[in-house]
Protein chains: 2
Amino acid sequence: MFRFGKPDSGECGAVNDSDEGAGRAGQSKRKDARRNNETLLDAAAAVFVTSGVEAPVRDIAAKAGVGLGTIYRHFPTRADLVIAVYRHQIEACAEAGPALLAAGPTPHAALGQWIGLFVDFLVTKHGLAAALQADSAGFEALHAYFLDRLLPVCTELLGAAAASGEIDSGLDAYQLMRGVGNLCIGADADPRYDARRLVELLVAGLRQPR
Amino acid sequence: MFRFGKPDSGECGAVNDSDEGAGRAGQSKRKDARRNNETLLDAAAAVFVTSGVEAPVRDIAAKAGVGLGTIYRHFPTRADLVIAVYRHQIEACAEAGPALLAAGPTPHAALGQWIGLFVDFLVTKHGLAAALQADSAGFEALHAYFLDRLLPVCTELLGAAAASGEIDSGLDAYQLMRGVGNLCIGADADPRYDARRLVELLVAGLRQPR
DNA sequence: GAGCAAACGGAACACCGTTCCGTTTGACGA
DNA sequence: TCGTCAAACGGAACGGTGTTCCGTTTGCTC
């Protein structure tokens with residue numbers, strides 16, 4: 001949330017606030033490098049919207065009017081590019097957790113709302129949920145980033161709900177997030193499948209039966 | 001369930017009972033063709049156990065000591081090979097449905113048990129659940145086969161449970177199966193994730209709150 | 001303006017599923 | 001027994017990935 005408030009292509013953030021944080025090139029000395037970084041983020045965001053996160057790297061390079069070498073220098077792996085594109089929204093999701101907990105009527109309600117936010121984010125990004133799979137080739141970094149950022153938040157919400165006695169405390173946040181993520185796979189591209197509904201059912205199943 | 005009761009490699013069925021049913025080559029006039037069909041099924045089953053269903057076709061051809069052309073003549077696509085390898089177990093799962101319903105204490109219990117069977121099957125086959133994804137490239141036939149065979153069974157169980165009033169009847173069998181399948185993705189290869197547990201939660205969430 | 005590290009572009013590589021086609025082989029009738 | 005020929009075979013080749021590599025260009029800095 002620094003600068004670079006470009007209108008940007010289509011739907012999502014895709015801006016590069018270059019606040020570093022994950023160890024990438026960040027701010028370069030050279031103007032063309034900085035410009036290309038931004039261009040790539042915008043191009044990637046646009047391509048992700050139309051072709052999904054699994055879109056060929058060449059498509060993104062072409063959209064950005066840039067060579068393949070350039071894209072790989074800025075983002076050593078596709079996962080790094082995805083992370084950079086969606087960082088803002090993931091950040092917002094993480095920050096919403098404590099806010100919901102403070103504002104919500106009960107911890108379980110806050111948990112449900114937060115998970116709803118998470119699901120909304122996942123299902124609107126074509127193929128993102130599938131890419132989150134820990135073992136999906138080349139996306140380990142994406143998996144790790146989501147966990148690093150969102151797992152503590154989910155743990156807090158889950159802990160609060162368990163402490164209030166609303167919830168069967170036997171499930172850890174990792175499994176819950178993994179399950180929710182899995183349920184979102186393929187939610188786009190299949191009108192017969194409503195991931196939100198199934199996630200609701202899962203969260204409902206979390207309640208203490210007594 | 002005809003003949004060819006070979007011991008077969010390692011774990012699962014992998015036998016070719018050549019009862020047709022899906023329109024494949026079935027029984028050839030030539031001995032070598034029949035032998036290769038069986039050899040391929042065994043080799044594929046063995047490779048699937050060690051490398052998962054996404055194993056390269058070349059690996060299977062090598063294991064079988066056969067050319068690439070041969071494998072593609074017997075099984076036009078990788079999905080057809082997977083279907084052939086697991087057909088017996090899918091069949092058994094389908095047949096277990098009505099049996100459980102007849103024997104079980106309540107329809108909801110039968111549904112739970114049947115889904116347990118389904119989950120056990122999925123999580124023991126590396127990557128099968130992920131391949132079931134409708135849009136996973138090249139596996140549409142696999143998706144369709146599972147649906148054709150198991151959806152009616154699930155519909156029956158779900159309908160019975162809804163009729164008995166144990167269950168919120170708002171969810172159709174397709175969504176339930178899709179959700180369960182999704183929850184099983186990556187269940188192997190991640191000891192921190194217990195798909196069975198989450199599926200139980202999902203099924204529990206299905207119960208009427210009142 | 002000269003020099004040089006940094007950034008660039010895209011050919012090349014390794015791997016994938018799949019197709020294609022020249023070669024081999026097994027069944028069957030003479 | 002042997003000739004015939006459709007059927008089956010093997011694997012090179014194709015189109016498509018992600019990623020690496022390196023010769024060339026470019027923007028800073030002095």
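Chain letters run A, B, ... following the sequence lines, proteins first, then strands; residues in each count from 1. Only this structure's heavy atoms are used, side chains among them; waters, hydrogens and symmetry mates stay out. Bear in mind the structure is a predicted one, so any value in this text is a computation, not a measurement.
Distance, A/K29 NZ to D/dT26 P: 21 Å, rounded to whole Å. Counting to the nearest Å, the P atom of D/dG10 and the CG atom of B/D32 are 9 Å from each other. A straight line from CG of B/D59 to C1' of C/dG17 spans 13 Å, rounded to a whole angstrom. Regarding B/R34, its CZ atom lies at a distance of 11 Å from the C1' atom of C/dG26, rounded to whole Å. Atom CG of A/L40 is separated from atom P of C/dA7 by 13 Å (rounded to the nearest Å). Between the CD1 atom of B/I71 and the P atom of C/dG17 there is a distance of 10 Å, given to the nearest Å. Taking atom CD of B/E54 as the reference point, atom P of C/dG17 lies 9 Å away to the nearest angstrom. Taking atom CG of B/L68 as the reference point, atom C1' of D/dG11 lies 7 Å away to the nearest angstrom.
In this view, A/D148 satisfies the side-chain hydrogen bond (donor to acceptor under 3.5 Å, both in side chains) rule with no residue, not counting sequence neighbours. Checked against salt bridge (Lys or Arg N to Asp or Glu O under 4.0 Å), B/R197 has the following partners two or more places apart in sequence or in another chain: A/D168.
Checked by distance alone, A/R30 brings a side-chain donor or acceptor within 3.5 Å of a matching partner on the base of C/dA6.
Residue contacts for B/A55: at a heavy-atom cut-off of 4.0 Å it reaches the sugar-phosphate backbone alone, with no base atom in range. Within 4.0 Å (heavy atoms only), B/R58 reaches at least one base atom of the nucleic acid.
Proximity of B/T77 to the phosphate of C/dG17: no side-chain N or O atom is located under 4.0 Å from OP1 or OP2. The side chain of B/N36 contributes no N or O atom lying less than 4.0 Å from OP1 or OP2 of D/dA8. Applying the 4.0 Å criterion to OP1 and OP2 of D/dA8, one finds that B/H74 has every side-chain N and O outside that range. Applying the 4.0 Å criterion to OP1 and OP2 of C/dA7, one finds that A/T70 has every side-chain N and O outside that range.
For the residue pair B/D190 / A/Y174, a side-chain donor-acceptor distance below 3.5 Å is found, with atom types taken as modelled.
The side chain of B/A33 approaches D/dC9 more closely than any other nucleotide in the set D/dG18, C/dG17, D/dC9.
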Would you sort out whether A/Y145 and A/R149 count as a side-chain hydrogen bond (donor to acceptor under 3.5 Å, both in side chains), showing the intermediate values?
-> CA-CA 6 Å; A/Y145 179 71; A/R149 203 62 256 274; 5.9 Å; no
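Between B/K31 and B/P56, it is B/P56 whose nearest contact on DNA chain C lies nearer the 5' terminus. Comparing A/G67 and B/R78 along DNA chain C, the residue whose closest nucleotide (by nearest heavy atom) sits nearer the 5' end is A/G67.
Between A/D172 and B/R192 there is no salt bridge, since no side-chain nitrogen of the basic residue lies less than 4.0 Å from a carboxylate oxygen of the acidic one.
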